[in-house]
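Here's the structure, in structure tokens; my notes come after.
Here is the naming used below: chain letters follow the sequence lines, and residue numbers restart at 1 for every chain.
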Number of protein chains: 2
Amino acid sequence: MRDDKIRRLLRVGEAKSGMEDDPRVAALSRLVRAMGDPPPDREAPVREVIARLGDNWSPLILKILSTGAYRHTTLKRVIGEVSAEAGISQRMLTLRLRALERDGFVAREFHDTVPPRVIYSLTPLGAGLADELDRLLGWVERNSKEIERARLAFRD
Amino acid sequence: MRDDKIRRLLRVGEAKSGMEDDPRVAALSRLVRAMGDPPPDREAPVREVIARLGDNWSPLILKILSTGAYRHTTLKRVIGEVSAEAGISQRMLTLRLRALERDGFVAREFHDTVPPRVIYSLTPLGAGLADELDRLLGWVERNSKEIERARLAFRD
DNA sequence: CTGTATCCAAAATGATACTG
DNA sequence: CAGTATCATTTTGGATACAG
């Protein structure tokens, strides 16, 4: 995207005297270039991975798996005890694990016995993602007082 | 939660000879304590903030606002040009901005003129969140090759 | 211009029953 | 035990019209 297009978006007049150099133009220009062309869509890793971290169950799954390897049902049982909500449905657990496996964060070890045994664990990549999650949680934790304050002040 | 309850969840027998000390028990115990009692529900800042980062529009809004202050419609126009999708609806933009404002990440400056002028900008707290977002994006970026490889390998 | 209200479509999640 | 299929419910998002 060219800078003059950005100027039009911002309704910034052409700089004739050099006084209208809106700093947002250069900053937006950098942002657009950093995002690439075309910009990442919903299926792009950047979007998907952050969406995973933001969904209801994946963060908890990552945290639990960072303590070790688990069978499917054991994982379900642990989530049911540890979460604030009613517990995860078998369907959702499978969906989430599949998504995490698909992106290389979770390894699935299948033993074709009766009954079958399937062991889920974090890959090194998944452990890295769990670390990122921890750092993010740490930031929120450190700022939760201020967030709570903002929430209370938000009675407008 | 007591450790023997965790052992039952994991179907770990009582250690009589000291050989069954499943390392997951201690790790899970630490995890449960770190999460607090009761564990954070959907409205808790930890959950909400990460959910914000994971939704469709908030990350982009944060990125754009980190380049400066914007009026409502200008922001909408910029998002429409910068995003991969069709653009954000006025309703969603308002909802997202409200949520970000509610948690103290975005400041709303209202001028009661005709037509009204409303300027949105990041608070220092919001700038901090934008920094966290950047670090997260950086991590995904650095690992996107490996993620793509996992995706291609995931034809099972 | 900023925002709300209403209605509608699409997506996420859960419940339940079933299979190998 | 692990997983799938189906259906119901909830949540989320968009389109449109309208108000101040």
Side-chain angles (χ1 to χ4, degrees), chain A residues 9-11 41-43 47-48 50-61 69-80 83-102 106-121 154 156, chain B residues 9-11 41-43 47-48 50-61 69-80 83-102 106-121 154 156:
Chain A
L9 281 175
L10 302 185
R11 306 276 194 260
D41 61 17
R42 281 182 166 81
E43 279 78 35
R47 299 277 299 266
E48 284 262 356
I50 299 187
R52 282 289 80 68
L53 289 187
D55 74 34
N56 264 332
W57 299 111
S58 300
L60 186 53
I61 292 173
Y70 289 80
R71 297 181 65 172
H72 183 99
T73 301
T74 308
L75 192 47
K76 183 173 189 300
R77 216 161 37 222
V78 171
I79 291 173
S83 75
E85 283 92 29
I88 191 173
S89 63
Q90 189 179 19
R91 183 173 166 275
M92 282 309 299
L93 180 55
T94 299
L95 285 176
R96 290 301 160 226
L97 286 171
R98 282 286 183 285
L100 292 170
E101 186 193 358
R102 183 176 101 98
V106 160
R108 179 176 178 274
E109 181 187 333
F110 179 77
H111 301 271
D112 195 2
T113 55
V114 270
R117 288 174 56 88
V118 183
I119 315 283
Y120 292 96
S121 60
F154 187 69
D156 295 330
Chain B
L9 281 174
L10 302 185
R11 305 276 194 260
D41 59 18
R42 282 183 166 80
E43 280 77 33
R47 300 276 298 267
E48 285 263 357
I50 298 186
R52 284 288 82 68
L53 289 186
D55 74 35
N56 263 333
W57 299 112
S58 299
L60 187 53
I61 292 173
Y70 290 80
R71 298 181 64 172
H72 183 99
T73 301
T74 308
L75 192 47
K76 183 172 189 301
R77 216 161 36 222
V78 171
I79 291 172
S83 75
E85 284 90 31
I88 190 172
S89 63
Q90 191 179 16
R91 181 173 166 274
M92 283 310 299
L93 180 56
T94 299
L95 285 177
R96 290 301 160 227
L97 287 171
R98 282 286 182 286
L100 292 170
E101 187 195 357
R102 183 176 101 98
V106 160
R108 180 175 177 274
E109 182 187 332
F110 179 77
H111 301 271
D112 194 0
T113 55
V114 271
R117 288 174 57 86
V118 182
I119 316 283
Y120 291 96
S121 60
F154 187 70
D156 297 329

First and last nucleotide of DNA chain C, 5' to 3', lying under 4.0 Å from heavy atoms of chain A: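 Going 5' to 3' along DNA chain C, contacts run C:dT13 to C:dG20.
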I need the minimum non-hydrogen distance between [X] and [Y], along with the two atoms involved.
{"X": "B:Ile79", "Y": "B:Leu93", "value": "CD1-CD1, 4.0 Å"}
{"X": "B:Ile119", "Y": "B:Ala69", "value": "CG2-CB, 3.7 Å"}
{"X": "B:Pro116", "Y": "B:Phe110", "value": "CB-CE1, 4.3 Å"}
{"X": "A:Leu10", "Y": "B:Val78", "value": "CD2-CG2, 3.8 Å"}

Does anything in residues 84-96 of chain A form a salt bridge (Lys or Arg N to Asp or Glu O under 4.0 Å)? List the pairs, not counting sequence neighbours.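 Salt bridge (Lys or Arg N to Asp or Glu O under 4.0 Å) check on residues 84-96 of chain A returns A:Asp55-A:Arg96, A:Glu85-B:Arg42, A:Glu85-B:Arg47.
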Integer-rounded Å distance: [N] [atom2] and [X] [atom1]:
{"X": "A:Tyr70", "N": "D:dA2", "atom1": "OH", "atom2": "C1'", "answer": "19 Å"}
{"X": "A:Glu85", "N": "D:dT10", "atom1": "CD", "atom2": "C1'", "answer": "14 Å"}
{"X": "A:Glu101", "N": "D:dA2", "atom1": "CD", "atom2": "P", "answer": "14 Å"}

Results of side-chain contact (heavy atoms from CB on, under 4.5 Å) for [X] - residues two or more places apart only:
{"X": "A:Arg102", "answer": "A:Glu48, B:Arg151, B:Phe154"}
{"X": "B:Ala107", "answer": "B:Ser121, B:Thr123"}
{"X": "B:Thr73", "answer": "B:Arg77"}

Quick one: does B:Arg108's side chain get under 4.5 Å of B:Arg98's, heavy atoms only?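 Sidechains of B:Arg98 and B:Arg108: in contact.
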Using five pairs at each end of the helix from C:dC1-D:dG20 to C:dG20-D:dC1 to define an axis, what is the angle between those two axes, to 10°?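 One end axis against the other gives 40°.
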Can you list the residues that meet the side chain to side chain donor-acceptor pair (under 3.5 Å) rule with A:Gln90, with sequence neighbours excluded?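 Per chain and number, A:Gln90 pairs via side chain to side chain donor-acceptor pair (under 3.5 Å) with no residue.
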Would you mind classifying the nucleic acid contact of A:Arg77 as base, sugar-phosphate or nothing, using non-hydrogen atoms under 4.0 angstrom?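 Answer is nothing: A:Arg77 stays at 4.0 Å or more from every strand.
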Produce a footprint string for nucleotides 13-20 of chain D: one letter per nucleotide, 5' end first; B if the base is under 4.0 Å from any protein heavy atom, S if only the sugar-phosphate is, - if neither. BBB----B
